[in-house]
Amino acid sequence: EKDPLIVLVTGAAGQIAYALFPMIAKGAMLGPDQPVILHMLDIEPAGDILKGVKLELMDGAFPLLKGVITTTDVIEACKGVDIAIMLGGFPRRKGMSNKDLISKNIGIYKAQASALEQHADTNCKVLVVANPANTNALILKEYAPSIPEENITSLTRLDHNRALNQLSENLNVHVGDVKNVIMWGNHSSNQYPDANHAMVNIGVGHKSVKELVTDDNWLNTEFITNVQRRGEVIIKSRRLSSALSAASATCDHMRDWILGTPKGTWVSMGVYSDGSYGIQPGLIYSFPVTCEKGEWSIVQGLKIDKFGREKMDALEKELIEEKNFAYSCLH
Ligand code: NAX
């Protein structure tokens, strides 16, 4: 049997975590033969909730779950961690701008970065989900300089999966037969789902989405706004933000990163920019990536049209502004 991996989940008393824990415990994230130990971190007022979630996890009688630690102490939470899933943070309240959110989260991400750097495994892989996800990841990277920069990523997989679903509904094909959409840049209200390179499995090979859509204009209009507004639509009907789909996307992100993407398939991940596609190096920007043996690499050489280029540049600008604002709070 493999040695267990230690998985830290912050914001462990929250709603995404509640949907995510059974997926991790059943092996959907790290594989059906990979035992896990969970470290659940939340803040003091959520201590009782944490204990309750732990009781449910024990009652799940999951064969792969070799231990559960609940704590409100960030150092204890980070000890020996192999995988860190950052769901915790200051929640967006009505009327809060991105800047308000950044200034509230900066202290949290600085402290968690230091704790991870000092106490986690040296090859710890980190996924930041809490918003603003890209910029929280960037702060984490800055304050954990000994964690390799390629080990710090942010979630755009939920948007990616939403885009796959939009294509599947529009083309009336199964979602499992659609692949290679791209979320570029930032997880924000201006996010840009790009289906120009997306493919559909038609049984005897693949056809491009561009060939299959009846209305070419749809990809640059409704498709984009449907993906952008999906979160709001869900909040309106569920009266809570997306949790099941966010947990599933979190699981997909880590699984593909660690176990690899299928041949010919790429996924979207917020990763450290190396300057690919002319994007400022050092930003955490979402790119199409393939993964092998625990390492991601950015898909190179895709043709970008003028419409897409403008969207990508606008998202880069947004991230530079968030970065500059974050730095002005820090120094
Ligand atoms: P919840 O409000 O249900 O849970 C957040 C939890 O974090 C709470 O239990 C809270 O006590 C805890 N927390 C706050 N400060 C903390 C700290 N310093 N250390 C540890 N825990 C702390 O939110 P939930 O719906 O679970 O969403 C979690 C985060 O994901 C939010 O920031 C949300 O905006 C973000 N999302 C990001 C998405 C993405 O695609 N990147 C999509 C889904 C989601 O909206």
Side-chain angles (χ1 to χ4, degrees), residues 8-21 23 39-54 70-78 81 84-94 96 98 100-102 104-116 126-140 153-163 183 185-189 191 193 227-235 238-254 267-271 284-286 319 322:
L8 163 69
V9 176
T10 75
Q15 54 151 2
I16 297 178
Y18 191 73
L20 179 63
F21 287 132
M23 298 181 191
H39 285 192
M40 302 163 61
L41 174 72
D42 210 293
I43 48 177
E44 221 38 74
D48 273 348
I49 302 177
L50 275 186
K51 285 185 192 133
V53 178
K54 176 176 176 177
T70 59
T71 181
T72 56
D73 175 50
V74 62
I75 299 201
E76 187 189 1
C78 290
V81 161
I85 313 236
M86 317 303 281
L87 307 174
F90 196 92
R92 191 191 292 271
R93 302 242 163 85
K94 263 214 168 96
M96 268 176 84
N98 241 13
D100 297 333
L101 202 56
I102 291 171
K104 292 282 187 198
N105 272 297
I106 248 174
I108 297 176
Y109 275 78
K110 200 173 155 184
Q112 293 180 350
S114 312
L116 279 173
V126 184
L127 166 59
V128 179
V129 177
N131 282 318
N134 298 56
T135 298
N136 284 341
L138 189 72
I139 294 162
L140 203 147
T153 64
S154 72
L155 187 79
T156 48
R157 185 62 174 268
L158 175 56
D159 308 311
H160 178 104
N161 287 350
R162 284 170 172 166
M183 297 305 309
N186 199 7
H187 168 69
S188 77
S189 51
Q191 58 182 247
V227 176
Q228 288 175 338
R229 291 184 193 145
R230 189 68 162 187
E232 282 310 310
V233 172
I234 284 165
I235 290 178
R238 217 174 72 86
R239 298 184 201 95
L240 286 168
S241 58
S242 314
L244 177 163
S245 53
S248 183
T250 298
C251 219
D252 287 347
H253 176 114
M254 288 312 305
V267 294
S268 305
M269 276 169 69
V271 297
I284 302 280
Y285 190 96
S286 180
L319 284 169
E322 285 187 18

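All ligand and atom numbering here is 1-based and tracks the order in the structure.
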Starting from [atom], find the nearest protein heavy-atom neighbour and note its residue, name and distance.
atom                    : answer
atom 17 (C) of ligand 1 : Ile43 CG2, 3.5 Å
atom 10 (C) of ligand 1 : Asp42 OD1, 3.4 Å
atom 4 (O) of ligand 1  : Gly14 CA, 3.2 Å
atom 7 (O) of ligand 1  : Gly11 CA, 3.2 Å
atom 42 (C) of ligand 1 : Leu158 CD2, 3.7 Å
atom 15 (N) of ligand 1 : Gly89 O, 3.6 Å
atom 40 (O) of ligand 1 : His187 CE1, 3.1 Å
atom 36 (N) of ligand 1 : Asn131 ND2, 3.4 Å

Query raised in the report: Under 3.5 Å, is there a donor-acceptor pair between the side chain of Arg238 and the main chain of Ser241?
Result: yes
Query - Sidechain-backbone polar pair: His39 side chain, Ala77 backbone, donor-acceptor under 3.5 Å - result: yes
Looking at [X], which atoms of ligand 1 are within less than 4.0 Å of one of its heavy atoms?
X      : value
Ile108 : 18 (N)
Ala13  : 9 (O)
Ala130 : 29 (C), 30 (O), 32 (O), 35 (C)
Ile16  : 24 (P), 25 (O), 26 (O), 27 (O), 28 (C), 30 (O), 43 (C), 44 (C)
Ala246 : 43 (C)
Gln112 : 17 (C), 18 (N), 19 (N), 20 (C)
Leu87  : 28 (C), 29 (C)
Ser241 : 25 (O)

Query raised in the report: Does atom OH of Tyr18 have more than 12 heavy-atom neighbours, drawn from other residues, nucleotides or ligands, at distances under 6.0 Å?
Result: no
**Report entry** Lys54, NZ atom: more than 12 neighbouring heavy atoms under 6.0 Å
**Finding:** yes
Query raised in the report: Does the side chain of Asn161 come under 3.5 Å of the side chain of Asp252 through a donor N or O and an acceptor N or O?
Result: yes
Query - Asn186 and Gln191: side chain donor to acceptor below 3.5 Å - result: no
Query - Minimum side-chain heavy-atom gap Leu138-Tyr109 below 4.5 Å - result: no
Report task. Report yes or no: does Arg157 have a heavy atom closer than 4.0 Å to ligand 1? Result -> no
**Report entry** Non-hydrogen atom of Ala243 closer than 4.0 Å to ligand 1
**Finding:** no
Report summary line: Which of Arg230, Gln228, His187 passes side-chain hydrogen bond (donor to acceptor under 3.5 Å, both in side chains) with Asp159? It is His187
